[in-house]
Protein chains: 2
Amino acid sequence: MIRMSKETDYGIILLAHFAGDQERLTHSARALAAETYLPLPMVSKILKILAREGFLVSHRGVKGGYSLARRPERVPIAEIITAMEGPVAMTECVEAPGECRHEPVCQLRSKWQKINEVVLLALGSITLSDLIGPLPDQLAPFGGKPENLVRLQ
Amino acid sequence: MIRMSKETDYGIILLAHFAGDQERLTHSARALAAETYLPLPMVSKILKILAREGFLVSHRGVKGGYSLARRPERVPIAEIITAMEGPVAMTECVEAPGECRHEPVCQLRSKWQKINEVVLLALGSITLSDLIGPLPDQLAPFGGKPENLVRLQ
DNA sequence: TGAAATGGTACTGGATCAGTCCTATATCAG
DNA sequence: CTGATATAGGACTGATCCAGTACCATTTCA
């Protein structure tokens, strides 16, 4: 189904929560779990990953917690996805060239790489700050002109 | 990793093979397996699905086999992916609205739907005919201008 | 009538995933 | 100094999903 893992899903929800409430200096795992209605152990686990990957800064101790490491406009969601579940790669040959035993006969690898770039561009152009705020219909892909999306030479 | 299943991967390889050799009227599962170096039982299984989903026309009997139901230019790969593994939906709430118990508090659903549209547009603009032929570097996304990809209003 | 093809479905071993739990370490308050 | 509260980093588990196989029925043609 071309779907992200729950971990990534929750991770983006959490980061969006950070972006949407930048008044507080730090958010603890417990508070975040309560505010997002996500299970605490999962929230805790995911925050550790996000800190290790450089999206959050952690502060230990009684008054500790996490805070955003960068301004939301500087965090493309493609980067979050890549950090949480490895490179975005629709096929095995895109992520690990040479491992697919059909590669010598299969002529599709270069094509998949291009397709992958398109998907990555799409995800790379959306940042955390695009995910907050009450406005729906915020993103207008290509000015609604799908024929401009990919140009064949 | 945002990856398609092997079934879908193989399915597209097989369809591309059909598109690349339209001289023969029908291709049998056995011949296709030999030519693509894919395991016969899998090829057989996948061809059945592709026929059921309307991409191939099947012909039973001794001289039977499969043939393309449409011209390759008319088969967007997004459609193949959707047919083989369900709707392209990065999150659960996009595919099945109402099932996620966080939906009432989560403000991200409309955003994910837009993001999903962008990905679908990218995949929808590439057809089977783009996958054949010896030319690499065939696709040029957005004329190489990523900033034109998504416009925020 | 038999060979060769598709149609449909059931089954299985393995991998992956969501989620939990435990222990160590750091920080602050009293 | 000590206890409470936080993160850090693992190990662990039950459930689900996936790739691949196997089996039998049906159709077609020589």
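In this text the structure is predicted, and so the values were computed from the model without any measurement. Values below: every heavy atom of this structure, side chains too, minus hydrogens, waters and symmetry copies.
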Study note, to complete from the structure: Atom CZ of Arg3(A) and atom C1' of dA18(C) are separated, to the nearest Å, by 14 Å
Check your understanding: Does Ala34(B) have any side-chain contact (heavy atoms from CB on, under 4.5 Å) partners at least two apart in sequence or in another chain, and if so, which?
Key -> none
Check your understanding: Short question: side chain of Asp9(B), backbone of Met4(B) - any donor-acceptor pair under 3.5 Å?
Key -> no
Exercise for review: Give a yes/no on whether any side-chain N or O of Ser58(B) is located under 4.0 angstrom from OP1 or OP2 of dG7(C).
Suggested key: yes
Check your understanding: Of the residues in residues 37-55 of chain A, which ones touch DNA chain C at a heavy-atom distance under 4.0 Å?
Key -> Pro39(A), Pro41(A), Met42(A), Lys45(A)
**Study point:** Inter- and intrachain pairs under side-chain hydrogen bond (donor to acceptor under 3.5 Å, both in side chains), touching residues 38-49 of chain B, at least two apart
**Key:** Glu7(B)-Lys45(B)
**Study point:** Lys111(A) side chain reached by Ile132(B) side chain, heavy atoms, under 4.5 Å
**Key:** no
Review point. Which residue, Leu15(B), Leu14(B), Leu56(B), forms the side-chain contact (heavy atoms from CB on, under 4.5 Å) with Ile46(B)?
Key: Leu14(B)
**Study point:** Heavy-atom closest contact (Ala89(B) atom, Arg3(A) atom, distance)
**Key:** O-NE, 3.3 Å
Review point. What pair of heavy atoms forms the shortest contact from Ala122(A) to Val118(B), and how long is it?
Key: CB-CG1, 3.1 Å
Study note, to complete from the structure: The complete set of side-chain hydrogen bond (donor to acceptor under 3.5 Å, both in side chains) pairs with one or both residues in residues 50-63 of chain B, sequence neighbours excluded, reads His59(B)-Ser67(B)
Practice item. Please list, by residue number, the residues of residues 6-16 of chain B whose heavy atoms come closer than 4.0 Å to an atom of DNA chain C; answer none if no residue qualifies. Key: none
So which protein nitrogen or oxygen atoms get under 3.5 Å of nucleotides 27-30 of chain C's nitrogens or oxygens?
residue: dT27(C); atom: O2; partner: Val62(A); partner atom: N; Å: 3.2

Revision key, fill the gap. Residue set satisfying side chain to side chain donor-acceptor pair (under 3.5 Å) with Ser5(A), at least two apart, ordered chain then number -> Thr8(A)
Review point. In residues 19-34 of chain A, what residues come within less than 4.0 Å of DNA chain C, judged by heavy atoms?
Key: none
Revision key, fill the gap. Rounded to whole Å, CD of Glu92(A) lies from P of dC18(D) at a distance of 16 Å
Check your understanding: Excluding sequence neighbours, so at least two apart, what forms side-chain contact (heavy atoms from CB on, under 4.5 Å) with Ala31(B)?
Key -> Arg24(B), Ser28(B), Glu35(B)
**Study point:** Non-neighbouring partners of His27(A) that pass ring-ring contact (aromatic ring centres under 6.0 Å, His included), sequence neighbours left out
**Key:** Phe18(A)
Check your understanding: Which residue pairs pass the side-chain hydrogen bond (donor to acceptor under 3.5 Å, both in side chains) test with at least one member in residues 68-80 of chain A, sequence neighbours excluded?
Key -> Arg70(A)-Glu79(A), Arg71(A)-Glu73(A)
**Study point:** Residues in side-chain contact (heavy atoms from CB on, under 4.5 Å) contact with Glu103(A), at least two apart in sequence or another chain
**Key:** Cys93(A), Pro97(A), Cys100(A), Arg109(A)
